[in-house]
Amino acid sequence: MTWGLFQILMISFFHLIELSSQKETRFVYENFRSQDNLYLDGSATVLPSGLLQLTNALHHQMAHVFYKESIGLSSSKPLSFSTHFVCALVPQPGAEGGHGMAFVVSPSMDFSHAESTRYLGIFNVSKNGSPSSHVLAVELDTIWNPDFEDIDHNHVGIDVNSPLSVGIASASYYSDIKGKNESINLLIGNPLQVWVDYEGNMLNVSMAPCEVQKPSRPLLSQHINLSDIFPNRRLFVGFSAATGTAISYQYILSWSFSTSRGSLQRLDISRLPEVPHPRSEHKNLSPLFIVLLGFLAIMGLCTLTGMYIFRRSKYAEVTEAWEEEFGAHRFSYKSLYKATKGFNKDGFLGRGGFGEVYRGNLFSNREIAVKRMSHDGDQGVKQFVAEVVSMRCLKHRNLVPLLGYCRRKHEFLLVSEYMPNGSLDEHLFDYQKPVLSWPQRLVIVKGIASALCYLHTGADQVVLHRDIKASNIMLDADFNGRLGDFGMASFHDHGGFSDSTCAVGTIGYMAPDILHMGASTRTDVYAFGVFMVEVACGRRPVEPQLQLEKRILIEWVCDCWKRGSLLDATDPRLRGKFLSDEVEMVMKLGLLCSNTVPESRPTMEQVVLYLNKNLPLPDFSPYTVGISNHSSVLIDAASLVASRSWSAASSANNSP
Ligand SMILES: *[C@@H]1O[C@H](CO)[C@@H](O)[C@H](O)[C@H]1NC(C)=O
Ligand SMILES: *[C@@H]1O[C@H](CO)[C@@H](O)[C@H](O)[C@H]1NC(C)=O
Ligand SMILES: *[C@@H]1O[C@H](CO)[C@@H](O)[C@H](O)[C@H]1NC(C)=O
Ligand SMILES: *[C@@H]1O[C@H](CO)[C@@H](O)[C@H](O)[C@H]1NC(C)=O
């Protein structure tokens with residue numbers, strides 16, 4: 001009784017087991033973010049995107065992924081299954097892709113004995129073809145192995161216990177739309193759909209690109225009795241993949257499986273995880289590299305632009321249309337900048353009332369002096385340039401040759417020939433320098449007189465120098481005096497002086513009448529007179545540190561003359577080495593020229609005649625009107641400006 005009950009219980013228990021084992025197995029992985037019921041080994045891993053990566057691009061890898069639960073087989077019901085998966089085989093750019101992957105049906109998940117490369121992680125050498133292997137594989141093979149009778153390096157095969165396929169075909173699909181086979185490149189890197197169906201001893205394999213429906217005709221249709229291969233009732237389904245020296249990234253994107261064809265769940269192709277595509281080797285470096293390259297390019301561009309702007313502003317000039325006619329006389333700022341080595345202080349020659357003078361080397365063979373003068377605004381610029389150009393046309397052996405000019409914003413540059421012996425005042429007042437002998441001085445005075453005479457009468461226009469003084473007399477290599485620095489010169493038509501509003505010059509050389517009547521040839525003569533006395537006496541026209549009676553040179557010379565000892569005023573550095581009548585003549589002529597009565601002054605033509613002794617000096621004494629009391633205005637003017645500068649331009653309008 002008990003035994004019978006037990007038997008009944010046992011029978012129903014086994015029946016239960018049988019029932020449960022006949023239970024349909026069905027699952028779907030839209031992606032692999034959830035790895036429930038999955039067994040992974042080898043290089044298999046799930047990426048954050050939900051992508052199941054079987055192999056990466058390393059050599060000799062193997063990977064297995066199995067659904068952990070066995071699919072039930074029963075003797076009563078014939079084995080059948082259907083599966084649909086999406087995979088992607090992504091080769092490393094520039095490298096041969098391989099070896100491939102397979103859908104695997106096996107009674108065991110243990111493939112530790114298997115090998116990679118062409119055995120796809122499923123088989124090994126010794127097990128080749130052995131019926132004891134109990135493996136069914138549907139391979140996507142991307143390597144051509146003649147040993148295994150492969151047809152090409154892009155095929156699909158059905159393997160039973162051996163990599164030697166029982167059914168094989170080049171990867172392709174039957175296009176229902178076109179009505180013909182379309183080949184598929186397994187290594188294209190894009191997702192591919194694969195269907196494996198087994199029912200009634202027929203194993204069909206189909207594949208298609210993602211955008212294509214399951215083809216109506218399978219790629220492979222093979223008669224196989226799986227009950228022969230798997231006597232065991234427990235079976236596992238999954239994937240295997242391997243790399244060798246040939247490598248590919250091999251992915252499963254999604255997977256649906258069912259033991260009953262009718263209940264296979266469809267995969268939503270539109271929701272597949274993204275397949276990453278590796279960049280080629282050098283492009284792999286590229287994010288950083290490109291950023292670096294871009295940065296360098298931008299830096300380079302900025303530097304170039306900066307340099308360009310800097311150079312432009314550095315060498316910027318101001319040119320206006322009216323200057324075109326003077327083009328030939330214009331120097332580029334760049335050439336002057338280079339000639340003076342960037343206005344280097346080594347080439348600094350001196351500072352005048354209107355600017356600094358630099359020595360330069362134009363085209364490395366011509367020595368020039370460049371005077372930089374600052375100016376504000378555009379007022380008088382045009383006239384100034386015109387005058388500069390006019391001056392360039394002045395030719396006299398006792399003028400410093402003016403070569404041209406350059407104009408920038410707030411700056412004028414005058415280019416003249418370089419005078420190797422500097423200015424006369426250095427030689428007169430710098431006791432470090434050798435003393436200029438009297439004959440030398442006389443040559444200089446005669447030269448300057450001749451030049452001034454030329455300016456007043458010899459040129460197309462009357463040119464007033466307006467700033468005759470020792471420091472504006474340059475000495476050439478032969479110690480000839482050359483009148484230079486036309487910074488204040490003005491041009492007038494013969495016969496009339498239109499511009500007389502501006503009184504310029506240097507204190508001590510300025511005629512009293514300049515304040516009331518403006519500059520004229522007579523004021524130039526006055527300054528020249530002071531200059532002559534200056535050369536003979538070796539003394540500046542005004543020396544405020546001396547005692548009162550000696551302070552004003554001309555007045556003092558006059559006093560000496562009154563005392564009957566005119567030669568007392570002679571430059572002591574000459575040590576008496578001079579011809580008395582010559583020195584006396586120069587001094588007296590100087591006093592005559594600096595007469596306070598403008599009309600009593602000789603013209604420069606007369607001065608030249610006197611100096612060359614072609615004409616005797618007129619009869620006059622220190623008591624003659626205009627000779628004796630000539631300096632009162634001068635003292636006033638001097639005391640006004642003396643404290644500030646000895647070389648200044650003052651406007652008659654502003655002067656009280
Ligand atoms: C092949 O696999 C079998 C087990 O199936 C194992 O006994 C054998 O050693 C393997 N051969 C090699 C060469 O690994
Ligand atoms: C296999 O394909 C053939 C046609 O080629 C078809 O008749 C058969 O039903 C298919 N079997 C399965 C299991 O899909
Ligand atoms: C299409 O491919 C299948 C399987 O490889 C083959 O049997 C069939 O002959 C091919 N058809 C054409 C038209 O090439
Ligand atoms: C398949 O093989 C099994 C076991 O070897 C056998 O019993 C069965 O009859 C075979 N089926 C067919 C259709 O050949």
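Counting starts at 1 for both ligands and their atoms, in listed order. No experiment lies behind these values; they were computed from the predicted model shown.
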Inset, instruction - Among residues two or more places apart or on two chains, list those pairs meeting side chain to side chain donor-acceptor pair (under 3.5 Å) that have a residue in residues 38-51. - result: Tyr39-Asp41, Asp41-His64, Ser43-Gln61

Inset, instruction - Consider every N or O of Asn181 and every N or O of ligand 3, then say whether any pair is closer than 3.5 Å. - result: yes

Inset, instruction - With sequence neighbours excluded, give me every ring-ring contact (aromatic ring centres under 6.0 Å, His included) pair touching residues 168-195. - result: His84-Trp195

Legend entry - N or O contact, Ser227 vs ligand 4, cut-off under 3.5 Å: no

Inset, instruction - Please could you name the atoms of ligand 4 that Asn225 approaches to less than 4.0 Å, counting only its heavy atoms? - result: 1 (C), 2 (O), 3 (C), 8 (C), 10 (C), 11 (N), 12 (C), 14 (O)

Legend entry - Pairing of Asp150 and Arg118 as salt bridge, 4.0 angstrom limit: no

Legend entry - For Ser183, all residues meeting side-chain hydrogen bond (donor to acceptor under 3.5 Å, both in side chains), sequence neighbours excluded: none

Inset, instruction - Classify the ring geometry between Tyr358 and Phe348 as parallel (under 30°), tilted (30 to 60°) or perpendicular (over 60°). - result: perpendicular

Inset, instruction - Output yes when a side-chain donor or acceptor of Ser206 lies under 3.5 Å from a complementary backbone atom of Val194, and no otherwise. - result: no

Legend entry - Thr55 (side chain) donor-acceptor with Tyr249 (main chain) under 3.5 angstrom: no

Inset, instruction - Using heavy atoms and a cut-off under 4.0 Å, could you grab the residues that are in contact with ligand 2, chain by chain, numbers ascending? - result: Asp197, Glu199, Asn204, Pro218, Ser221, Arg261

